[in-house]
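These notes are about the structure you will find just below.
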Amino acid sequence: MSEHKQEEEKSLNFIEEIIEADLAAGKYQQIVTRFPPEPNGYLHIGHASSIVLNFGLTQKYPGYTNLRFDDTNPVTEETEYVDSIKDDIRWLGFTWKNELFASDYFGKLYEFAIILIKKGLAYVDDSTSEEIAAMKGTPTHPGSNSPFRDRSAEENLDLFRRMKEGEFPDGSRTLRAKVDMASPNMIMRDPILYRIKHAHHHRTGNEWCIYPMYDFAHGQSDSIENITHSLCTMEFVPHRELYDWLIKQLEIFPSHQYEFARRNLNYTVTSKRKLLQLVNEQHVVGWDDPRMPTISGLRRRGYTPASIRDFCERIGIAKRENLIDVSLLEFCVREDLNKVASRRMVVFDPLKIVLTNYPEGQEEMLKSEDNPEADPVQYREVPFSRELYIEADDFMENPPKKFFRLAPGQMVRLKSAYIIRCDEVVKDADGKITALHCTYIPESKSGSDTSGINVKGTLHWVSIKHAVSAEVRLYDRLFRVEDPSNEEGDFKDYINPDSLHVISRVYAEPALLQSGSGDRYQFLRKGYFCLDKDSSANNLVFNRTVTLKDAWAKEQKKN
RNA sequence: UGGCCUAUAGUAUAAUGGUAGUACGACAGAUUUUGGUUCUGUUUGUCUAGGUUCGAAUCCUGGUAGGCCAACCA
């Protein structure tokens with residue numbers, strides 16, 4: 001291994017440091033992590049970061065990663081979400097060791113509750129939710145003890161059993177841990193362990209009418225699975241004290257929780273609640289709308305799994321607040337797509353060109369690189385003829401300095417074809433440009449150019465006679481501001497009204513007709529595109545994944 | 001009248017008491033049959049005040065700023 005490589009490996013994130021120390025100390029022979037989503041929504045880019053972290057760790061170190069659904073709240077959870085989550089993780093390229101559900105442990109968790117009751121560490125509380133809240137105190141004032149706090153273990157056992165048997169209505173009673181109502185940590189003020197919910201659960205059906213709270217399920221689930229390093233986001237830091245307390249009282253495997261800061265992306269939102277609102281209120285077409293930061297949205301947009309993994313690795317992991325620039329995500333997908341995407345020529349806004357010295361009725365097939373980055377380079381054939389379309393904004397009648405495209409009297413190369421010169425601008429009665437009359441330089445044919453002419457610009461084009469039509473959907477950021485959640489008022493007030501621009505008819509070279517589902521292309525000088533699921537045999541629809549970097553647009557902005 | 005977490009270029013992240021580095025972005029240039037790619041260069045940073053130390057981004061104390069905690073949500 002090279003010195004450089006070792007240098008790279010020295011730079012560990014704080015979790016890898018902990019793991020390496022644990023491994024070196026012989027604390028564990030292998031590590032076990034888990035990805036623990038609640039099946040109540042679709043995964044987004046923030047989850048991708050957690051997935052890459054958890055699965056990445058057990059690819060790097062001996063051990064494995066479980067997929068565990070934290071399904072302790074039957075009213076919000078659905079099998080549809082379970083399936084989409086599994087699809088997304090697989091698509092990202094990861095394989096879990098065991099597929100588990102917190103609901104697998106409902107029996108075990110019930111027994112844990114009994115143990116706590118017997119130890120005098122849990123009690124049934126008849127207080128209403130309002131009363132419990134009132135007795136909870138505030139962050140700056142201690143809470144007060146519930147009047148039901150000192151029930152006997154026998155009475156608690158009886159009441160808890162009857163809660164399970166369904167004798168009491170929803171909300172009438174809870175099981176609470178007996179910890180410390182004066183704790184400076186609000187989580188430790190006799191947290192609720194179980195609540196009554198006569199609700200159908202997506203997996204256990206009607207077997208249970210009491211359900212454990214997340215706090216009574218999560219830590220023990222980790223423990224049951226022998227999770228060595230339980231990774232979660234910073235908002236769970238105060239919960240760790242409770243997990244550790246429960247593990248100690250229950251005398252079970254000591255999983256240890258480590259927290260990292262959730263990743264935020266600018267110009268979007270990553271909160272299931274907000275994403276759900278965007279879907280329900282139809283600001284987007286669904287969870288997989290290509291503008292959504294969901295994994296399914298990114299997939300439909302044309303992002304590759306590799307680019308998302310690369311992004312997650314590049315942003316790293318730490319504990320401080322962050323707002324990551326979406327330009328890094330875009331960089332990652334461009335870098336990947338540049339290597340793998342086939343090139344095609346597509347004209348979005350056509351301007352007709354007639355090559356007056358090219359014989360009428362003549363046509364020829366020209367070779368063009370499928371991808372110049374590929375090794376070896378493959379070629380495709382592109383038909384060429386007398387009448388072509390070029391992009392309207394590739395021509396200017398009165399060009400500014402440094403405009404390397406077509407203008408009266410100016411020469412330019414047509415990609416993989418010939419150099420042409422603009423001789424005449426044809427206009428209609430209103431003075432609108434309808435066509436350009438040009439001459440082509442026969443000796444300048446791509447690959448066998450003996451003309452000796454040097455041009456600064458190269459344009460994409462398409463033969464009118466051979467052109468096929470397609471629809472393209474151009475996406476921009478969903479929000480106008482970097483951090484919509486942090487603005488005055490409702491985050492939805494900051495939705496970008498121009499986040500979708502549809503061009504219903506563009507003109508493409510015929511090779512595009514061979515597109516299959518999920519094909520990714522670079523439309524020359526336009527950006528990266530992929531075939532959308534809305535496509536049909538006679539209506540191709542392409543989503544723009546990301547634009548190309550555009551130095552000319554930048555140049556124009558300066559002026 | 002609380003507890004906990006955090007603070008390094010515009011953004012993200014290294015440096016683990018010993019030269020503040022990397023990536024993205026921005027800017028400039030070279031190359032280019034994509035104004036893409038590639039390559040080169042430039043710019044910008046340790047929140048603050050003390051303390052410990054030969055030496056502090058790093059350790060300690062105070063301050064400041066931001067975040068989290070008062071769902072029968074997760």
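All values below were derived from every heavy atom in this structure, side-chain atoms included, with hydrogens, water molecules and symmetry-related copies excluded. Each chain gets a letter, A, B and so on, in the order its sequence line appears, and its residues count up from 1.
Across the protein-nucleic acid pair, Ile317(A) atom CD1 and rC5(B) atom C1' stand 15 Å apart, rounded to whole Å. Between His141(A) atom NE2 and rC69(B) atom P the separation is 19 Å, expressed in whole Å.
The side chain of Arg273(A) contributes no N or O atom lying less than 4.0 Å from OP1 or OP2 of rA74(B). When the side-chain nitrogen and oxygen atoms of Lys445(A) are compared with OP1 and OP2 of rU33(B), none of them lie within a distance under 4.0 Å. Taking 4.0 angstrom as the limit, Arg525(A) places a side-chain polar atom (N or O) nearer than this to OP1 or OP2 of rG35(B). Between Arg405(A) and rU33(B) there is no side-chain N or O to OP1 or OP2 distance below 4.0 Å. Phosphate proximity of rA74(B) to Thr72(A): present, with a side-chain N or O under 4.0 Å from OP1 or OP2. Side-chain nitrogen and oxygen atoms of Arg240(A) include none within less than 4.0 Å of the OP1 or OP2 phosphate oxygen of rC4(B). Distances shorter than 4.0 Å separate some side-chain N or O of Lys554(A) from OP1 or OP2 on rA26(B).
Distance check on atom C1': rU33(B) versus rU40(B) gives 23 Å, rounded to whole Å. Taking the C1' atoms as reference points, rA9(B) lies 14 Å from rU42(B), given to the whole Å. rG18(B) sits 7 Å from rG55(B) when the C1' atoms are compared, rounded to a whole Å.
Among rG35(B), rC5(B), rU13(B), the nucleotide with an atom closest to any side-chain atom of Asp550(A) is rG35(B). In the set rA23(B), rG3(B), rU6(B), rU6(B) carries the atom at the smallest distance from any side-chain atom of Lys319(A). Nearest to the side-chain atoms of Leu548(A) among the listed nucleotides rG66(B), rU34(B), rU6(B) stands rU34(B). Across rC73(B), rA70(B), rC72(B), the shortest atom-to-atom separation from the side chain of Thr138(A) is found for rA70(B). Checking rG36(B), rA70(B), rG35(B) against the side-chain heavy atoms of Asn338(A) singles out rG36(B) as nearest.
Using a 4.0 Å heavy-atom criterion, one finds that Glu330(A) contacts no nucleic acid atom at all. No engagement by Pro142(A) is indicated, since no non-hydrogen atom pair under 4.0 Å with the nucleic acid exists.
If you check rC59(B) for Watson-Crick or wobble pairing at under 3.5 angstrom, you find it paired to rG51(B). Base pairing of rC27(B) is made with rG41(B), judged by Watson-Crick or G-U wobble geometry with both donor-acceptor distances under 3.5 Å. Under the Watson-Crick or G-U wobble criterion, with both distances below 3.5 Å, rA65(B) is paired with rU6(B).
Between Trp287(A) and Tyr42(A), the ring planes are parallel. Angles under 30° get that label, and only those over 60° would be called perpendicular.
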